[in-house]
Amino acid sequence: MTRDEPAGRSPEEQGQRGLGLHRLALRLEALNTQVQRLSRERDITHLTRDDLNLLLQSFRQDQQGLARLMERELKRVSQRLDQLSRHHHHHQTHTPTPQYRHRSYTGPNEECEVPMDPAYPLCAEKVKFLHARWQADPCYSFYGVDGTVCSILTYLSLIEDFCPPHQGKNVSVLPWHQKPYTYTEKSEIRTTLTPLYEVFSNASGSAIDFIRTRVERMSDRWIQAGQGMRQSRNRTVMNQLKVLLYPGALSGSVGQRFEAMVNRGGPLGELVQWADLSACLTILGHNLTFSTSQQQLFSLIGAAPGRGSCPIQRPLTFDLIYTDYHGLTHLQGAMGLAFLHYQCRFRILDSFGTEPAFNLGSYARSRGYKTLWGSWGLQPLQYMTMFPHTPDNSFLGFVSEEATRKEVREEELEPDSYKKDRIAVVYGKQDYMWKGKSQYIGLISEQLETHATVYQPAGHASNLPSFIKNHGLLTQEDFLRLLRRAKVFVGLGFPYEGPAPIEAIALGCVFLQPRFHPPHSSVNNDFYKGKPTTRQISSQHPYAENFIGKPHVWTVDVTNETDVREAVKAIVHTEVKPLTPREFTCEGMLERVYSYITHQSFCTKSAPSWPPERALRIHLGPLGQSCVSVCRQSSHVCEPALFQHLNTPAAFTRLGIGCSSTAKEANHLFPSYSPWGRHCGLQQEPLLFSCAGSDPSHRRLCPCRAYLPGQVALCPDCL
């Protein structure tokens, strides 16, 4: 209350002013959204003059209202500041006040000089910047900036740490800095998913329905895996973590487009991962929050009101935040400086992977690796992929769904009987995926009755060949039942690297897929163009081709009729048992995620200690090969966390290489050896240690390791 407000005014009356301000803020936010949407329109000619006039008129009214309101509020604040400055020396306290906008360390007429302190070299520059820009984001006003040098210095010393503390003020920790961990509870392996159902009960929409239904359908398997893990003894007790799951792709206008496609044959791979990750973390005993609302995200992280230029108001309360590239943008847009401070706690679900050369912004820009994605400067292992195709990242994966007893005929569950009907099911839920594939599908249908599950909008004629039996879009239960009967699951070449082939193989199908020659990549393929990877995709599903292979997976040249016919003939006469690699079971995913949470720490300055150095197998590759290829050829996998142990001159000596010169620089091909001039290169920037990098003039020095059967992410020495 200001001095002239009568005592005893009711809370309702006091709240009217706040409500007015809140309503105005909401209106401006709505207008801002409108303008952003309009500015994104490619063809501005669709906007009529009336549309623009109405928009401008609306803005003018709100601007006038805001000006009047601000004038009144500033007058009140000024009076209150006078009052506070007179009484300040009586009431000085060291406890932080949550409402920073009410902090006042200077009177309105006091003059402040910008200090020249070598310990704070950016202070003067930041004062100059804020003096010109403080009104660009309301968050500065929220934290007490009013355009005066005094208020700016106060903000830059107490909230952003760019300037020294005011004279007579104690140096204190920034209010949003992380506090030392004080875990109160240990995580207990759960044998129920009830806490997760409660988390989901606050969200709605077709995507959330898909996630919830999947978790419910697989709950028995998760609980059984949890019981098995509880009985195993080779496990250290973890602290219970507070974990936020924020799929940014389900938020805002992007989320609306995603939601609209869920029931029309749109991509569901990411939703499968979010469902399985949430179930996995629940069984492991952690405390989950799940949100698809950007506004709720801002509230959960304690964002200051405004446009995100300022740090959050309090230390981040989440130990881990799982999100995606969209969510990363939302977090950056709300956290100010705190984004860099807390980015070590982020884990990014990234289906197709992010290679180190694309991840470090300055390097990507200077070396031609800049894309729409990437350039976040995270540790590459913070990106979590759908399949283990990018060893520079962490393989998160998912769980292969299998038909449960109630979904299949009793005789199909006899252990020694893998009876299959003579049918093929084609992988491709939308019309466009079938274009140009009629001849290929025709060859298969000569020997097998061919079924499809293509989304068919009401009133639209089918474009599929007449010999195809189309079931339309099936529920997951019906789709699994169909796969249980099928002999072959047929890939058309797209979608790339999805979960469905793994589930088909788990149900005893053979996966027949196209080989790509030349391989698809960001250079020659629109889908991969702009993705932060140089991977060469040799087939529709490289994991199935390389890690599973025949007799479960056949990769053919679909333009070669003889190849296709012979493959189908061989498949028909081969009995294949269901196969699920351990990494795609509940047990395997629990084991993997538990290991990541226990051992991966990106918030310390020290070099990674997991996997241990004893797991390292050093290989010197041939010219032009990446460490991904070099390690795979020796039945190992490249382990980026072990690069630190071979980034020394001694590593070259150990391999019998005599270096005429040795240089250390930021280069994603280093450590490596160039035979021309016998030049040895060492890595200067740890973020650029790269399994993926290759070049015709370099022989890569590679950190390989063995892996557990069916669990690529873990090694015998890792557990």
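Below, all heavy atoms of this structure are taken into account, side chains as well, without hydrogens, waters or symmetry copies.
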Would you find a donor on one side and an acceptor on the other, under 3.5 Å apart, between the side chain of [X] and the backbone of [Y]?
| X | Y | answer |
| --- | --- | --- |
| Thr598 | Ser595 | no |
| Gln711 | Gly588 | yes |
| Arg617 | His636 | no |
| Glu355 | Thr534 | yes |
| Asp695 | Leu669 | no |
| Thr354 | Asp350 | no |
| Arg212 | Tyr197 | no |
| His698 | Tyr673 | no |
| Arg345 | Phe318 | yes |
| Thr323 | Tyr246 | yes |

Looking at Cys344 and Cys603, are the sulfur gammas closer than 2.5 Å to each other?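 Correct, these two cysteines form a disulfide.
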To the nearest 0.5 angstrom, please state how far the [atom1] atom of [X] sits from the [atom2] atom of [Y].
| X | Y | atom1 | atom2 | value |
| --- | --- | --- | --- | --- |
| Leu297 | Leu244 | CG | CG | 6.5 Å |
| Leu616 | Asp717 | CG | CG | 10.5 Å |
| Ser291 | Ile301 | OG | CD1 | 10.5 Å |
| Leu337 | Phe162 | CG | CZ | 5.0 Å |
| Leu281 | Asp276 | CG | CG | 11.0 Å |
| Ile283 | Ser187 | CD1 | OG | 12.0 Å |

So does Gln227 have more than 12 non-hydrogen atoms from other groups sitting under 6.0 Å from CD?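 Counting neighbours around CD of Gln227, more than 12 heavy atoms of other residues, nucleotides or ligands fall under 6.0 Å, so yes.
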For atom CD of Gln224, is the number of surrounding heavy atoms from other residues, nucleotides or ligands below 6.0 Å larger than 12?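 12 or below, so no.
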Would you indicate whether the side-chain heavy atoms of [Y] and [X] approach each other to under 4.5 Å?
| X | Y | answer |
| --- | --- | --- |
| Glu639 | Pro611 | yes |
| Ile618 | Arg654 | yes |
| Phe210 | Ile208 | no |
| Leu316 | Ile321 | yes |
| Thr289 | Val199 | no |
| Gln683 | Gln644 | no |
| Pro542 | Glu497 | yes |
| Leu271 | Phe258 | yes |

Using the salt bridge (charged side-chain N to carboxylate O under 4.0 Å, His left out) rule, take Glu401 and Arg214 through it: C-alpha gap first, then chi angles, then the decisive distance, then the call. CA-CA 9 Å; Glu401 195 167 357; Arg214 178 178 170 87; 3.0 Å; yes
How far apart are the C-alpha atoms of Glu270 and Asp324, what are their side-chain angles, what is the distance that settles it, and do they pass the side-chain contact (heavy atoms from CB on, under 4.5 Å) test? CA-CA 10 Å; Glu270 287 90 348; Asp324 51 22; over 6 Å; no
I'd like to know if the side chain of [X] pairs up with that of [Y] as donor and acceptor (distance under 3.5 Å, no hydrogens or angles considered).
| X | Y | answer |
| --- | --- | --- |
| Tyr528 | His520 | no |
| Thr192 | Thr194 | yes |
| Ser400 | Glu503 | no |
| Tyr543 | Glu583 | yes |
| Gln382 | Ser394 | no |
| Gln379 | Gln600 | no |

Which atom names give the shortest non-hydrogen contact between [X] and [Y], and what distance separates them?
| X | Y | result |
| --- | --- | --- |
| Ser634 | His619 | OG-NE2, 3.6 Å |
| Val630 | Gly621 | CG2-CA, 3.6 Å |
| Leu688 | Ala357 | CD2-CA, 4.3 Å |
| Arg190 | Thr282 | NH1-O, 2.7 Å |

Would you check, one step at a time, whether the test side-chain contact (heavy atoms from CB on, under 4.5 Å) holds for Trp176 with Met335? CA-CA 10 Å; Trp176 47 271; Met335 295 182 75; over 6 Å; no
Is it true that Lys664 and Glu685 have a side-chain N and a carboxylate O under 4.0 angstrom from each other? no
SB check Arg230 Glu188 (cutoff 4.0 Å): no
Run the ring pair (Phe, Tyr, Trp, His ring centres under 6.0 Å) test on Phe339 and Phe346 for me, step by step, so that the C-alpha distance in whole Å, both residues' side-chain angles and the decisive distance to 0.1 Å come before the verdict. CA-CA 10 Å; Phe339 180 83; Phe346 304 155; 5.4 Å; yes
Centroid separation His541 to Phe387 less than 6.0 Å: yes
Over 60° means perpendicular and under 30° means parallel, so tell me whether His668 and Tyr369 are parallel, tilted or perpendicular.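 Taking Tyr369 first and then His668, their aromatic rings stand perpendicular (interplane angle over 60°).
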On the 0 to 90° scale, with breaks at 30° and 60°, tag the Phe527-Tyr496 ring pair as parallel, tilted or perpendicular. tilted
Considering the options Tyr325, Phe352, Tyr383, which one meets the ring pair (Phe, Tyr, Trp, His ring centres under 6.0 Å) requirement together with Trp373?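 It is Tyr325, the one option of Tyr325, Phe352, Tyr383 that forms the ring pair (Phe, Tyr, Trp, His ring centres under 6.0 Å) with Trp373.
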Decide yes or no on side-chain contact (heavy atoms from CB on, under 4.5 Å) for Met384 and Ile348, but give the supporting numbers first. CA-CA 6 Å; Met384 310 195 89; Ile348 316 305; over 6 Å; no
For a ring pair (Phe, Tyr, Trp, His ring centres under 6.0 Å) check, start with the C-alpha distance between Phe395 and Phe584, then their side-chain angles and the critical distance, and finish with the verdict. CA-CA 11 Å; Phe395 162 49; Phe584 292 106; 5.8 Å; yes
For Ser694 and Gln625, what are the C-alpha separation, side-chain angles and deciding distance, and is it a side-chain hydrogen bond (donor to acceptor under 3.5 Å, both in side chains)? CA-CA 5 Å; Ser694 67; Gln625 274 200 20; over 6 Å; no
Worked verdict on Cys631 versus Cys638 for disulfide (SG to SG under 2.5 Å): CA-CA 6 Å; Cys631 296; Cys638 180; 4.6 Å; no
Would Val399 and Thr585 satisfy side-chain contact (heavy atoms from CB on, under 4.5 Å), going step by step from the backbone distance to the final call? CA-CA 5 Å; Val399 173; Thr585 64; 5.6 Å; no
